[in-house]
Amino acid sequence: MNAGVLLRGLREQLGLTIREVENASARIAAKYGNEDYAIPLSRLSDIETKAILPNIYKLYSLSVIYRRDFRELLSFYGIDLAQTTTDITAIEPSPTHRVTNGAAPISLPVPIRLDPAFDLKRTSNLGRLIERWGVVPLAYLQRFCHTDFTYGYVGLEDFTMYPLILPGSFVQVDESRNKVTERMWRSEYERPVYFIETREGHTCCWCTLKGDQLIIQPHPLSPVQPRMLKNEKEAEVIGQVVGIAMRLDEWRAAPGKAPREQPALN
């Protein structure tokens with residue numbers, strides 16, 4: 001069925017006349033001081049019978065009047081906001097930048113039953129261990145949300161933490177950990193990586209404070225040079241990187257760094 005037929009079905013389910021919809025939309029338009037929310041009799045008839053496309057304001061009015069989620073009405077016209085997270089790959093900006101939640105889906109398929117043989121101590125193919133998937137409304141997961149987290153994307157030209165964090169990675173950042181920690185680290189894996197913002201953009205790096213100077217330290221194998229910026233004036237520590245989503249099948253060498261020959265195994 002086309003969108004007009006579906007909209008008419010919603011109206012008739014509620015026993016609403018075209019006149020009642022017109023009056024209700026007029027009240028919404030008056031509330032916001034915008035006549036675009038109003039749906040005259042003739043316009044609603046054209047929407048239902050002649051496949052006339054309503055503007056976003058009129059579609060909002062219909063969603064309110066029909067007691068339906070706005071995203072559901074968008075789906076009548078072939079727009080699925082749940083595809084936002086996949087369609088975002090249509091363009092990959094080079095600079096490192098923040099990633100907002102955008103138009104998140106209202107439900108999410110999650111594993112609800114795993115193979116009893118699943119062992120946390122062993123590396124496993126989770127796709128083969130999931131016995132059953134279910135759909136969970138994201139509204140029910142909201143109470144588990146950690147509001148101190150933000151997320152970042154490491155630009156394809158950002159080799160600051162290469163090869164520890166590859167370009168194209170997504171990082172989870174704990175904004176409550178925005179103070180640089182100073183002490184001796186036994187390995188590079190223990191040392192905190194910070195997500196910072198400078199006048200040129202964002203980046204992930206190790207940090208050291210010397211007075212009011214923030215030293216941005218790249219990985220030793222990175223082609224990027226260390227920098228010194230004025231803390232909180234030229235550079236701001238957004239938080240500490242606490243999680244990484246990184247693809248390894250698209251690995252590529254950093255510019256200016258020839259791959260080192262690996263010793264043969266006997």
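These numbers come from a predicted model, not from an experiment.
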- Is there side-chain contact between D174 and T150, with at least one heavy-atom pair below 4.5 Å? no
- Do E200 and R227 pass the salt bridge (charged side-chain N to carboxylate O under 4.0 Å, His left out) test, and can you show the C-alpha distance, the side-chain angles, and the key distance before you say yes or no? CA-CA 12 Å; E200 291 76 31; R227 291 185 292 165; 3.5 Å; yes
- Minimum heavy-atom separation for L164 to E188, with atom names? CD1-OE2, 3.9 Å
- Task: Would you indicate whether the side-chain heavy atoms of Q240 and V193 approach each other to under 4.5 Å?
- Result: no
- Item | Minimum side-chain heavy-atom gap P192-W185 below 4.5 Å | yes
- Message: Side-chain heavy atoms nearer than 4.5 Å, only ILVMFWY residues, links allowed to pass through others: does that put M161 and Y194 together?
- Response: no
- To the nearest 0.5 angstrom, please state how far the CG atom of L81 sits from the CD atom of Q83. 10.0 Å
- Short question: side chain of Q213, backbone of K210 - any donor-acceptor pair under 3.5 Å? no
- Message: Rounded at 0.5 Å granularity, tell me how far CD in Q13 sits from CZ in R8.
- Response: 13.0 Å
- Item | Joint cluster assignment, L7 & I56, ILVMFWY side-chain distance < 4.5 Å | yes
- Is there a donor-acceptor contact under 3.5 Å from the side chain of T49 to the main chain of S45? yes
- Task: Over all heavy atoms of both residues, which pair between T198 and I196 is shortest? Give the atoms and the distance, please.
- Result: CG2-CD1, 4.0 Å
- Are more than 12 heavy atoms from other residues, nucleotides or ligands located less than 6.0 Å from atom CZ of R191? yes
- Item | Heavy-atom side-chain contact between L209 and I215 under 4.5 Å | no
- Rounded distance [0.5 Å steps], CD1 in I79 versus CZ in R71: 13.5 Å
- Return yes if some donor-acceptor pair links the side-chain N/O of R11 with the main-chain N/O of L16 below 3.5 Å, else return no. yes
- With side chain to side chain donor-acceptor pair (under 3.5 Å) as the test, would you mind laying out the steps for T160 and S222 before giving the verdict? CA-CA 6 Å; T160 305; S222 168; 5.6 Å; no
- Item | Within one Ile-Leu-Val-Met-Phe-Trp-Tyr cluster: L214 and F195, side-chain cutoff 4.5 Å | no
- Task: Find the distance between NE2 (H97) and NE2 (H202) and round it off to the nearest 0.5 Å.
- Result: 9.5 Å
- Item | Under 3.5 Å donor-acceptor, E190 side chain and R186 backbone | yes
- Under 3.5 Å, is there a donor-acceptor pair linking the side chains of Q172 and Y151? yes
- Query: Can you pull the side chain to side chain donor-acceptor pair (under 3.5 Å) pairs that have at least one residue in residues 56-67, sequence neighbours excluded?
  - Reply: none
- Item | For D36 against N55, the heavy-atom pair lying closest together | O-OD1, 3.7 Å
- Task: Could you check if a side-chain atom of V64 sits within less than 4.5 angstrom of a side-chain atom of F70, using non-hydrogen atoms only?
- Result: no
- Closest non-hydrogen contact found for C204 with V154 is SG-CG2, 4.1 Å
- Item | Separation between CG of L53 and CG of D46, rounded to the nearest 0.5 Å | 12.5 Å
- Would a hydrophobic clustering, with Ile, Leu, Val, Met, Phe, Trp and Tyr connected at side-chain separations under 4.5 Å, put Y162 with V171? yes
- Message: For a quick check under 3.5 Å, do D158 and T96 share a side-chain donor-acceptor pair by atom type?
- Response: yes
- Query: Which is it for Q217 and C205 under the side-chain contact (heavy atoms from CB on, under 4.5 Å) test, yes or no, and what are the steps along the way?
  - Reply: CA-CA 6 Å; Q217 296 179 281; C205 62; 6.0 Å; no
- Start with the C-alpha distance between V21 and L62, add both sets of side-chain angles, then the distance that settles side-chain contact (heavy atoms from CB on, under 4.5 Å), and finish with yes or no. CA-CA 8 Å; V21 173; L62 291 174; 4.1 Å; yes
- Query: Is there a donor-acceptor pair closer than 3.5 Å between any side-chain N or O of S25 and the backbone N or O of I39?
  - Reply: yes
- Message: Check whether S75 reaches the backbone of G78 with its side chain - one donor and one acceptor, N or O, closer than 3.5 Å.
- Response: no
- Message: What I'd like to find out is whether the side chain of I244 reaches to under 4.5 Å of the side chain of F170, using heavy atoms alone.
- Response: no
- Minimum heavy-atom separation for V242 to R177, with atom names? CG1-NH1, 3.8 Å
- Item | Side-chain heavy-atom pair I65, I28 within 4.5 angstrom cut-off | yes
- Message: What I'd like to find out is whether the side chain of R43 reaches to under 4.5 Å of the side chain of I52, using heavy atoms alone.
- Response: yes
- Query: Applying ring pair (Phe, Tyr, Trp, His ring centres under 6.0 Å), which residue pairs with at least one partner in residues 204-226 are found, sequence neighbours left out?
  - Reply: W206-H219
- Item | R68 vs L73, side-chain contact (heavy atoms from CB on, under 4.5 Å): CA-CA, chis, key distance, verdict | CA-CA 7 Å; R68 307 304 280 243; L73 269 60; 3.7 Å; yes
- Query: Between CG of D80 and CG of D87, what distance do you get to the nearest 0.5 Å?
  - Reply: 9.0 Å
- Task: Taking all non-hydrogen atoms of both residues into account, name the closest pair between Y77 and P54 and its distance.
- Result: OH-CD, 3.1 Å
- Give the cluster check for I165 versus I238: same hydrophobic cluster or not, with ILVMFWY residues linked at side-chain heavy-atom distances below 4.5 Å. yes
- Message: Is it the case that the side chains of E182 and T208 hold a donor-acceptor pair, with the cut-off being a distance below 3.5 Å and no angle test?
- Response: no
- Message: Run L156 and F159 through side-chain contact (heavy atoms from CB on, under 4.5 Å) and show every step you take.
- Response: CA-CA 8 Å; L156 296 177; F159 286 84; over 6 Å; no
